[in-house]
Peer 1: 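My questions all concern the structure below.
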6 protein chains.
Amino acid sequence: MTHDPLGASARADGRADDELRQVRFTRGWLDHAAGSVLVEFGRTRVLCAASASEGVPRWRKGSGLGWVTAEYAMLPAATNTRSDRESVKGRIGGRTHEISRLIGRSLRAVIDYRALGENTIQLDCDVLQADGGTRTAAITGAYVALADAVAALRATGALTGEPLTGSVAAVSVGIIDGVPRLDLPYEEDVRAETDMNVVMTGAGSFVEVQGTAEGAPFDRRELDALLGLAEKGCQDLTRLQQEALAGE
Amino acid sequence: MTHDPLGASARADGRADDELRQVRFTRGWLDHAAGSVLVEFGRTRVLCAASASEGVPRWRKGSGLGWVTAEYAMLPAATNTRSDRESVKGRIGGRTHEISRLIGRSLRAVIDYRALGENTIQLDCDVLQADGGTRTAAITGAYVALADAVAALRATGALTGEPLTGSVAAVSVGIIDGVPRLDLPYEEDVRAETDMNVVMTGAGSFVEVQGTAEGAPFDRRELDALLGLAEKGCQDLTRLQQEALAGE
Amino acid sequence: MTHDPLGASARADGRADDELRQVRFTRGWLDHAAGSVLVEFGRTRVLCAASASEGVPRWRKGSGLGWVTAEYAMLPAATNTRSDRESVKGRIGGRTHEISRLIGRSLRAVIDYRALGENTIQLDCDVLQADGGTRTAAITGAYVALADAVAALRATGALTGEPLTGSVAAVSVGIIDGVPRLDLPYEEDVRAETDMNVVMTGAGSFVEVQGTAEGAPFDRRELDALLGLAEKGCQDLTRLQQEALAGE
Amino acid sequence: MTHDPLGASARADGRADDELRQVRFTRGWLDHAAGSVLVEFGRTRVLCAASASEGVPRWRKGSGLGWVTAEYAMLPAATNTRSDRESVKGRIGGRTHEISRLIGRSLRAVIDYRALGENTIQLDCDVLQADGGTRTAAITGAYVALADAVAALRATGALTGEPLTGSVAAVSVGIIDGVPRLDLPYEEDVRAETDMNVVMTGAGSFVEVQGTAEGAPFDRRELDALLGLAEKGCQDLTRLQQEALAGE
Amino acid sequence: MTHDPLGASARADGRADDELRQVRFTRGWLDHAAGSVLVEFGRTRVLCAASASEGVPRWRKGSGLGWVTAEYAMLPAATNTRSDRESVKGRIGGRTHEISRLIGRSLRAVIDYRALGENTIQLDCDVLQADGGTRTAAITGAYVALADAVAALRATGALTGEPLTGSVAAVSVGIIDGVPRLDLPYEEDVRAETDMNVVMTGAGSFVEVQGTAEGAPFDRRELDALLGLAEKGCQDLTRLQQEALAGE
Amino acid sequence: MTHDPLGASARADGRADDELRQVRFTRGWLDHAAGSVLVEFGRTRVLCAASASEGVPRWRKGSGLGWVTAEYAMLPAATNTRSDRESVKGRIGGRTHEISRLIGRSLRAVIDYRALGENTIQLDCDVLQADGGTRTAAITGAYVALADAVAALRATGALTGEPLTGSVAAVSVGIIDGVPRLDLPYEEDVRAETDMNVVMTGAGSFVEVQGTAEGAPFDRRELDALLGLAEKGCQDLTRLQQEALAGE
């Protein structure tokens, strides 16, 4: 880990290495979904919608347990260079599959299926604009949409118990020019030697840790540094989620 | 055509029968696309992005002519009841195909392919929220995104001539309880006996007329009344497009 | 609309501008379908089959209402240059989808769902040879096949009421070299500045009006001229349908 | 092989056991294809079209050799009970694949690729009505369409040599109630214990032999009897093809 | 049929013309499947697994009859040059379909559906390495896996009767340089003028005969010679199957 | 983390908590692939084949750089209950996509693209039998197949430099009943509260860390314990890989 003490570490947007981009939650962005939020991590912009429906998938019927699932997608013009629609290609790519599954697992980590009853909540996370960290923004925003949906269901009496056992937030961390940094925008992401996405509960436990050596493999010391940064970032995001949900 | 002179004609949102919903264009909504606009017709909200690229499809190579095409899609949570993703279903539905083709044809009606040169402009119209008239909002907004993209290409010198030969706008009209009305929201659309989408140039000519008897077939007099309403609506939209493009 | 009074208006096949091509209905072309007809508009040849089955699609079950739907397709060798099979490509194109939907809507305009009961009639319109106007020939022929199927079901007692509330026919009209013409063959269709397909009931009301400016946009006067021509053409087709159905 | 000498062997349509159904070739059924024929084996009706194009598939480019290929399909209403379209299902079934491949192989058996040059002839065999033996009718008719296409190409000078080295015809044979029979209609086909399709050249050699025990396995003596019947049937078909091609 | 009495007929692996390659059955190769066998015909290696499950496909429910079906596939690296995965291509090729259907039909020829009851046995034949004759090895091995599965079901009492009415084996034969040969490896297969796959019961009856003229059409005498060779080969395979099943 | 000091921690197969299952590499299992190995982690059995070809994917052409990619798949009968083929379903599932991508990334971590030149090595990892840890066995075996393929290419002079910059191995770790354990078989995997797959280089650096809370989220102390176990396991696997590659 070579660290240039002068300028290499200075980030293009002037942030400290352990500082999040500006995070914004706009709740109730849609009229129809039970919960919806437009979440922004800097210029990354993801529309998260939570749709509730009675019943569960066939393999779960009669169990008395609910289900939470998620789908992630990116609009064609979200990225620097337009990307083709997966609906037009007729198949969903591996990256999309992978992220949809990650979001679903992350949210299910804070769900009490029994309290949810045989209801399904479907999260749709559509990236309107991508500037790095779309999957972590999606998870962080989806939790807020989910919380709003649950509150709405409880308000109408459709739910009596509390299916949420906690909160989840997610952040990316990486090593750029030998320096561990929090919440990478696209220009840092493509230059990162190592890239890690970490999902944590509001209580500070880990739900998912996904680290990848994009360039050189990383050693245990670097891994520890990244985990520390991610813990800090998720703590900050948890606080911002709470503030957003407290507002009306 | 039975017309209740008292209350049947009163619209739920208080508009006159020949009055548009509130129409709003937010230009430059995306950072990457050459032109982009979030267009709103009341609660219908469509994100229109115009991406420019050098080259044309294979069948047009070497012709010296450009190409303009469009894709329309709807986010799953845009509608009252969540709809499944076409990427997940692995195939694009007939309605989506139909509307994508309509938008493309409508924009091409005001394009001088030779002035465009061998460049392609791809319009993406993604419905973020649907409350009736999504295809007409998409066409109307796509024109503004297209005009911005053309201006950007001319500013950078990528284009020297003027590929736009005019403007296009589109509006829906329909007969509800025997009364012809302009710009139908969802609740009127589902009750309409006849439903027509009309695309016109800013100069007042017709580009597309698509009328469908949803309930009872319609006679020539009703058809004439609808065409008159649509002419009025497209005139209004043309003025709003001009104002939006004049602002900076 | 510049009109060459001498020769430009003369049609290659010698028809008057408001004259149909030779239209022929060969009923009972298939042994298995409840109703079937080979319809010919000049060299355009479409095989229309109406298959009846008990039951309705899932979303309609228990309603007491029937259903009528249609699929349109073209054989690979039907056109000038062989076209690839959609089954081989693994997906149905936008044009096919669009026309299938149009045929279905047109026929449903003259169906009394309640009199049909929970039965489904499926129309298959397969273009054996294409020379312009395949969708309008398909609608016009499908009505005859549908009428035969209904008669067959009534003859066997499978139906007691009369699900047909009228008849439908369709024709194409267009402006070629400034002259409005009825029932365009392929060579006129590709040269048309404006192209319109009109579906009407036998009683003279409009079911669908689909006009497209292929070249220059059209004005209201041209639109009115085309609608007039189409009314004349549909009247003629209605008479021919009646004669065909009267024969045995 | 138990053989009822009295009535079991009598065929519903009165034919002798070694007699073909009425076979009819209507040449030039389509205007566009280089060769086309509507072939009928009794009530089985297959439209065979041969489309010629310059060039060959990528894997054959530069070889100086031509290519002949075939696609078989069935219209939805061709059968007793309507079958779903493979284009709508989005995939081609195993049976369709199998038959398309069989037709292509059969025709290629009488093609001199070098004399064909780098040209492709595509055979489309679309079953308009099915009453057993559709694949053998398709092969028999496709040969006639191919011969017409070759003649047309030679007439225009597109071909100078003679790519046809012979003719092919095909017929089905089977054992019904212990009796070997030629050219099975549907009602015999479903009752056959053993079913065999045989493709032969006009010179009396075998191109394909495909025998299947539908019920009980068959012994060598039965196999020999079936092969003998098939030889007789292919001879008859070869003569009918020659007569059809001799006519104008 | 020109036969070089000196060396042309000598096979690369030294076998006599009517001699099988070394055939090996390794039973119980998998832990989970009810029956499984790794079958080798020389260097051709196919893993055959028989999975049993209660119930039958929907169209057979309530009939009291069982079902046996098969799927054939080839690993990408099984062949000389790596072939693409059909799962990645998103569609199953015609050859795969054809062989899967052949295996299923062959096994069903020795099944008493009533004794099987409403149970399904699914055979999976995955070619791990291909050196000619994969479909015949698959059938021959699948029979052994099926016999083991049936024995296992009877041992657990899941089956009481005996659903197997006999055994099946299959072998390829072909004419190379005018000489009929048994059990062709890849290098002979590609050079064969005629190629035939024959499936027979252990009792010596034919289940399937599939002969194809790859090069020149074949006459009746050649056909007879090939059938004779195949009878000999299937007899040998039947004995080897019995020995394998007798072992423990 | 509650740890029963007596019996809960005892593993069903008698291993110590930090002990691998029996690992076996059978090199040269296939004749055609440049490198191939059957790798076994206990009863998990994966066939890994490395196929080399000249050239690289289109997006990499002319770069002078090579490419390494991987596909993972599971035979239908590999698991307890037969699973459907992805080729038959017509689409690859998210899990398969995810693992294929993981294997590819892991191997690319030890590749010097420049030394590989414009060549592609395709790894195919087909699970013949699954008993937990299939993806980690696949990575570990694929490295051995890759090393053999590279050696073969160097032996033939197709490669002159050394494209391998190190080795990779992978192992699963998890917490079962509060106890961290190495290399989980299926029965432990389904009971694990936390499940982690770790890919490391032979030099002891991390390539991938993928941890998932299947049950309760995990804290930093548990995460550290799992990472320690994984480091131990990968060290052992590296040694076994070296021994396998040293043998002949």
Side-chain angles (χ1 to χ4, degrees), chain E residues 28-38 40 42-54 69-93 96-97 100 120-131 142 145 149 185-186, chain F residues 28-38 40 42-54 69-93 96-97 100 120-131 142 145 149 185-186:
Chain E
W29 209 82
L30 295 173
D31 293 328
H32 303 306
S36 68
V37 64
L38 182 72
E40 295 166 89
R43 309 201 315 174
T44 286
R45 218 177 278 173
V46 184
L47 179 54
C48 303
S51 304
S53 58
E54 287 181 47
T69 183
E71 284 174 10
Y72 166 97
M74 209 183 263
L75 292 198
T79 44
N80 247 318
T81 306
R82 182 182 183 277
S83 50
D84 290 337
R85 282 176 199 273
E86 295 186 320
S87 60
V88 169
K89 288 192 281 188
R91 53 176 74 190
I92 287 183
T96 299
H97 260 143
S100 293
T120 295
I121 300 182
Q122 164 87 43
L123 273 298
D124 286 292
C125 299
D126 286 89
V127 179
L128 305 186
Q129 185 159 282
D131 185 28
Y186 179 73
Chain F
W29 210 81
L30 296 173
D31 292 329
H32 303 306
S36 68
V37 64
L38 181 72
E40 295 167 89
R43 310 202 312 175
T44 286
R45 217 178 281 173
V46 185
L47 179 54
C48 303
S51 304
S53 59
E54 285 181 49
T69 183
E71 284 175 8
Y72 165 98
M74 210 182 262
L75 293 198
T79 44
N80 248 318
T81 306
R82 183 181 183 277
S83 50
D84 290 337
R85 282 176 199 272
E86 294 186 322
S87 60
V88 170
K89 288 191 283 186
R91 53 176 72 190
I92 288 183
T96 297
H97 258 144
S100 293
T120 296
I121 300 180
Q122 164 86 43
L123 274 298
D124 286 292
C125 299
D126 286 272
V127 179
L128 305 186
Q129 185 159 281
D131 185 28
Y186 180 72

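If you're wondering where the values come from, they're calculated on a predicted model, not measured in any experiment. Residue numbering restarts at 1 for every chain, and letters A, B, ... go by the order of the sequence lines.
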Peer 1: F/Thr69 side chain to F/Gln122 main-chain N or O, any donor-acceptor pair under 3.5 Å?
Peer 2: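 Pair absent, no side-chain N/O of F/Thr69 close to backbone of F/Gln122.
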Peer 1: Is chain E contacted by the side chain of F/Leu30, its backbone, both, or neither, given a heavy-atom distance below 4.5 Å?
Peer 2: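 Both backbone and side chain of F/Leu30 come within 4.5 Å of chain E.
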Peer 1: Which residue out of E/Thr79, E/Thr96, E/Asp131 racks up the most heavy-atom pairs below 4.5 Å with chain F?
Peer 2: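 Among the listed options, the one with the most contacts to chain F is E/Thr79.
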Peer 1: Name the region of E/Thr81, side chain, backbone, both or neither, that has any atom closer than 4.5 Å to a heavy atom of chain F.
Peer 2: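 Neither part.
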Peer 1: Please name all residues satisfying side chain to side chain donor-acceptor pair (under 3.5 Å) with F/His97, sequence neighbours left out, ordered by chain then number.
Peer 2: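 Once residues adjacent in sequence are excluded, the partners of F/His97 under the side chain to side chain donor-acceptor pair (under 3.5 Å) criterion are A/His97.
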Peer 1: Would you compute the distance between atom OG of E/Ser83 and atom CE of E/Met74 and round it to the nearest 0.5 angstrom?
Peer 2: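 Answer for the OG-CE pair, E/Ser83 versus E/Met74, is 7.0 Å.
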Peer 1: Given the options E/Arg85, E/Arg45, E/Lys89, E/Arg43, which has more heavy-atom pairs under 4.5 Å with chain F than any of the others?
Peer 2: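 Max contact count across the listed options: E/Arg85.
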Peer 1: With only heavy atoms counted, which part of F/Ala130 is less than 4.5 Å from chain E, the side chain, the backbone, both or neither?
Peer 2: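 Contact with chain E involves the backbone of F/Ala130 alone.
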Peer 1: Out of F/Val127, F/Val37, F/Leu38, which one pairs with F/Val46 under the side chain to side chain contact (heavy atoms under 4.5 Å, CB included) rule?
Peer 2: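 Among the candidates, only F/Val127 passes.
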Peer 1: How far apart are the closest heavy atoms of E/Ala77 and F/Ala49, and which atoms are they?
Peer 2: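 E/Ala77 and F/Ala49 have their closest heavy atoms at CB-CB, 3.5 Å.
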